[in-house]
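If you read the sequence from its start, that first residue is 1, and numbering goes on from there. For the numbers below, each heavy atom of this structure counts, side chains included, while hydrogens, waters and symmetry mates do not.
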Amino acid sequence: MQSRTLEQPLALTVVTSHCPTNGKEEEVNTDSMEEEAEFSWEEYMEETGTTAAPHTTFRHVEISLQSSFQPGMKLEVANKSSPDTYWVATIITTCGQLLLLRFSGYGEDRKADFWCDVMTAELHPVGWCAQNNKTLMPPEAIKEKYNDWTEFLIQDLTGSRTAPANLLEGPLRGKNTVDLVVEGSVLELQDVSDPFLYWPVRVVQNVGGRLRLRYSGLSEDHQAQDTWLFYLDVRLRPLGWALENRLALEPPTELRCLKSAPDWQHALEDARLDAQKSPLPLEVFKDHVDLPKHSFKAGMKLEMVSPWEQLQICPVSVTKVYNEVYFQVALDDFSVETKPRFVVCHTNSSGILPVQWSLKNGVGLERPPGYEGQDFDWADYLKQSGTEAAPDACFPDTWQNRGFAKDMWLEAVNPRRPAEVCVAQITLVRGRLLWLRLEGVPKPLSECIVDVESMDIFPVGWCEANAYPLTPPLKPVCQKQKKIAVVQPEKPLAPSQPVETTPVNHCLPVTVDSGSANGRYCCSKIFVNHRCFSGPYLNKGRIAELPQAVGPGKCTLVLRELLSMLINAAYKPGRVLKELQELEDQSWDCQEETLKAKYKGKTYRSTIRIVRLADQISDFCRKVCVKLQCCPNLFSPVLVADKCPKNCSLQTKTKYTYYYGKKRKLSKPMGGEETAEGELAKPTRRRKKRKAIFVQKKRRSSAVDYTPAGSPQDSDEGEEDEEMALQSGSEGTSSEPREDHTDASSVEVTSSRPRRAATLRRAVSMGNAAGSQEASGGRRRSTRSLSAYNQNKYQPPKGQDMQVEEEESQLVLDRNPLEWSIDEVVQFINSTDCASLANIFQEQDIDGQALLLLTLPTVQECMDLKLGPAIKLCHQIERVKVAFYRQYAN
C-alpha cells in the first residue's frame, strides 16, 4: 500500500491593501481569499467546539516516549571532587536524556542525588574501570561509612542490572527506546494464522514506533505485502527468539508461492548476516509484556468484534486450544458450503467479549449466518448447541474505557489502508470499545470499532510530531466569515500601493536527503539552550518545554520550525512575529517564508526572511536573539551544556534590554557611572518611569488574582494595555539597570518558577478616592506575598503602615528550601493552616525542590484538591518562594 506523500499544495494568497497600516493590525476578510489546504488541529477543534482525547490515554505512545534507561540500573560515574576516580551510581529516575543518579552507599539518603546529561557526562557500564585500570573510590562524604567497600560493592551489585554499554557510547548513546529501531533492523514476526511460525522481517520505516515491515526475501515490488505494526506488538520478537523456543522459521503460508524453497532459505541466511552486522539492542523489547495464561476451553462461546465485517459484533466459538497462551476462535456460520473463518487469539486480544456483553451495553449483536431462529437469544442458542459460555473471568477489564469519551478527537489508522492515518472522532464508547468515524474517508467505509488498548490509535498531533501525513477531513467545518489580522512592518507613511505577499512553497518534504546533508544549504542541529535568559518577549516556561535541538536538515526548514516554536512560546506571538519581520541583513542569502501566530482569537501572518546557507546560520540566530532581547546563546548552533559563556543567568533582566533594546535610552546610566563621553552623570531616581506602565485600566472588584507561573501579566486587559506592556519590555522590568539581582531568571530552580513581580500581584478593591490618590501619587507595583492580604483581610494598607505590615508578614527561613527533605516540607505544612494536607506531601515524596515547582494547576490536578484548599496551599508555597528569592537567590 502506498502512503500519501508529505507534500500538500497550498493555495496562493494575495492580499491587497489600499491604505498603509504602519505596523498596526489590519482586518482582512478571507471571503475574498482562497482557502488554505493545510490542516490545523487547533483551528479545527476550535471551530467544532470539541476537545482532544487526553495524551495519557494512549499508553503505547506514552511508553514509546520513555528513556531507554530504567530506574535501578547501575553505572560507573566520575567523581566530581576527584575526576580521575570513579564510583558506582544508581539511576533514580529519568527525564529525557537527563538522569538523576545516587552514589552507592548513600542508601535512602537523597541529599546527594545529582542530575547529569547522558550526552555530555562521563558515564560507563559497570566493569569499565576494571577493564581500563581506573580507580573505583567512594565520594569523600561517605568514605568512612564502611570499612570494606569491596564487600559492600559485591553485595550492592549482586542481582542488579548494569546500564547497557551501547546506550552510553556510540551512535545509540542517549537515544530513546523507540529510536533504537532504525531502518534495516531485523526482527522476527509471528504468523497471523499459526502462533508457532515465525519469519524475519526488515524495518522499512519507523514512524514514532509504528513500523513498516517487509518480509525477508521480498523486494520493493511486493510493497502490497508490507505489514504495519507498533514496536510493542506481541507478535514481534528479536531475531533468534524462535529457535531458542524451538519454534519453526517458515515464511507465511500465503507468501510461499512467491519464491522457491532455496530462495526463502537464502533470504533467511541474509537476514541473519544483516542482523549480526547491526544487531538490534534488546532494550527495544524491555517494555514487551508477557502474555498471561488463558482459561478458555474448546467449544466455549463468546462474542467478538468481527475482523471480517465492518461494525459487527458476532457470536464465535473456541475451536482449538494451542497451548496455555493461544487459542483459536471461529465465526459461528450455519450457511451451506461456507469456508470457515477463524483467528488466533490470546487473553489480551482486542475485541473478544463475554456472552451477553452486547445486550448489557445496548449494542446490536449479529445473528450467525444461516441461523434459523427469528430472534437470536443466547440462552436458547447455548441450549440448542449444547455448549457453555466462556466465564467472565476469562475477560480482564472489559469495563475499562481509560478516559475516552464521546466526541473526543484523535488520530487513527484506516483499517483498510494501514499506511493511512486519519483524523478521527469518537462517536460511541461502550466498555473498552470505541466507535470511530474516520474523517477524510468516504462513507460507508469511514466507521470502525477499536479497543482502548489498540496500538492503531494516537493522540492529536502525533502525525505532525513524527512528520507523517495525516488525512484531513473531506470538507472544511467552518464556512462562516473569518477574519485574519495581517501584520505589516512598521514603516513611514507612503502613497497607497497594492501589497502582494510572495507565494511560498510549503510543500517541501520534511525528510532530508542524505546525499546533501552536509551541503551548503543544509545545517546540523540548532540547540535551544533552556538555561539561558529568555528576554521580555519569550515565556520561560514555554521555552523549557521546547525540544533541546531542531535539525539536522535543510537550513530553511530547520529555521522555519525553530522560529515557529519561538513564536508559539511568546507572551504576545503577534509582537514577536512583527519583530522577526523587521530582521534583515544585506549580506544574507535569504528565502522568504510565511509564518503565522495566533493570539486572542486572531491570526497573524507575516513574511520572514530566512537565510539559506549553513555558514550564515550562526549570525542569523545571534541577530534573532538580539532582536528579541534575549541571551545571544538562547538558540544557537552551539550547545551550552552547563554554564552560558555570557553568564546570562547571573544578570538581571535589564542587561540585554538595556544594551540591545531599541526603545531603551542609553543616555541615563546609573548614578556615579561614566557616560560615553567620560563625564559623570547625575544620579537619577530609578523606577519613576515605571509608574505609568503598570496602572491598571480595569480595576477588578474581586480579591486575589492568582496567575500561574510563567504567564504574562494582565494578558486579558485591552489592546492598549498590551501595547503598553510591549513597549515597556516585560512585566516587572524597568528600562534602566538596577541593583536588585534577585530576579527569577538568576535562579536555576525550574523553568516554570514564578517571578516575584509577575505572580504576586495586588488585586485589592479600591475606593474611588484611594484609587485617584494612588494614581496621582504614582503607586509602585507591589511584590508582597499573598499573606499580606490574609493578615489585613484584603484591606489596602495606607501610608507608612504598608511597609511595616509587609515586613511583619514576610516569612524568614532558617535553611535554603532547595535543601529541605520530605520531612522538613511536611513539618512546614503542619505549621500552616493547611496541616490537614501534610500527609499528601509525605505520600507524594515532595521535597524542597519539588515544593518550589508546585503551581496552582499542578496542585489541583495532581493532589485532587478543590479550588479553595488549593489556593490556600499555594499561598503558603508562595510565601516560601518569596522568602527563597529574598534570602537565597543571590
Side-chain angles (χ1 to χ4, degrees), residues 92-93 100 102 106-115 703-710 742 744 747-750 752-756 758-763 782-795 804-890:
I92 303 301
T93 188
L100 181 63
R102 181 183 301 163
Y106 277 96
E108 298 300 321
D109 189 357
R110 304 176 1 160
K111 66 182 180 183
D113 291 0
F114 60 97
W115 289 94
V704 178
D705 182 13
Y706 188 96
T707 352
T742 60
V747 186
E748 297 186 19
V749 181
T750 174
S752 59
R753 57 189 176 273
R755 303 178 189 157
R756 293 177 59 188
T759 60
L760 308 176
R761 51 186 280 192
R762 278 178 55 189
S782 171
T783 59
R784 297 183 303 149
S785 68
L786 297 179
S787 58
Y789 307 125
N790 287 339
Q791 297 186 4
N792 294 312
K793 299 181 180 179
Y794 298 95
Q795 295 300 319
V804 176
E805 293 181 20
E806 182 174 346
E807 291 176 0
E808 290 176 353
S809 67
Q810 289 178 346
L811 180 67
V812 179
L813 302 177
D814 297 331
R815 188 161 173 257
N816 191 334
L818 285 176
E819 301 171 357
W820 283 5
S821 64
I822 299 174
D823 293 335
E824 287 175 300
V825 171
V826 172
Q827 183 180 356
F828 168 75
I829 297 298
N830 276 325
S831 67
T832 67
D833 57 353
C834 300
S836 60
L837 305 176
N839 62 319
I840 299 179
F841 288 78
Q842 187 78 49
E843 294 171 358
Q844 298 292 334
D845 289 346
I846 297 177
D847 57 9
Q849 293 186 28
L851 182 73
L852 294 180
L853 297 177
L854 293 179
T855 60
L856 181 60
T858 307
V859 167
Q860 281 187 279
E861 180 179 354
C862 299
M863 295 188 178
D864 196 21
L865 296 179
K866 293 184 178 180
L867 183 60
I871 289 180
K872 290 181 180 179
L873 179 59
C874 284
H875 155 59
Q876 300 297 342
I877 297 172
E878 206 68 36
R879 294 180 65 203
V880 179
K881 293 178 183 178
V882 173
F884 167 75
Y885 294 144
R886 186 179 66 254
Q887 295 178 236
Y888 300 101
N890 287 332

Validation row: Leu856, Ile871 side chains within 4.5 angstrom (heavy atoms): yes
Ser821 backbone acceptor or donor facing Arg110 side chain under 3.5 Å: no
Check: Arg102 side chain, Phe114 main-chain N or O, donor-acceptor pair, under 3.5 Å: no
CD1 on Ile877 to CD1 on Ile846, rounded to 0.5 Å: 7.5 Å
Full working for side-chain contact (heavy atoms from CB on, under 4.5 Å) between Gln827 and Trp820: CA-CA 10 Å; Gln827 183 180 356; Trp820 283 5; over 6 Å; no
Asp833 and Gln876 side chains, donor-acceptor separation under 3.5 Å: yes
Reported CZ-to-CZ distance for the pair Arg815 and Phe828, which is rounded to 0.5 angstrom: 14.5 Å
Shortest non-hydrogen separation from Met863 to Leu873 and the atoms involved: SD-CD2, 3.9 Å
Side-chain donor/acceptor of Asn816 to backbone N/O of Glu819, under 3.5 Å: no
Within-4.5 Å side-chain heavy-atom neighbours: Gln887 and Val812: yes
Any Leu865 side-chain heavy atom under 4.5 Å of Ile840 side chain: yes
Validation row: Leu813, Leu811 side chains within 4.5 angstrom (heavy atoms): yes
Shortest non-hydrogen contact between Phe841 and Leu837, atoms and distance: CD1-O, 3.4 Å
Leu851 side chain reached by Phe884 side chain, heavy atoms, under 4.5 Å: no
Heavy-atom side-chain proximity of Val825 to Gln842 below 4.5 angstrom: no
Contact check, side chains of Gln844 and Ile822, non-hydrogen atoms, under 4.5 Å: no
Residue pair Pro817 / Val880: nearest heavy atoms and the distance that separates them: CB-CG1, 3.9 Å
Derivation of the side-chain contact (heavy atoms from CB on, under 4.5 Å) call for Glu878 and Leu854: CA-CA 9 Å; Glu878 206 68 36; Leu854 293 179; over 6 Å; no
Polar side-chain atom of Glu824 near backbone of Gly848 as donor-acceptor pair, under 3.5 Å: no
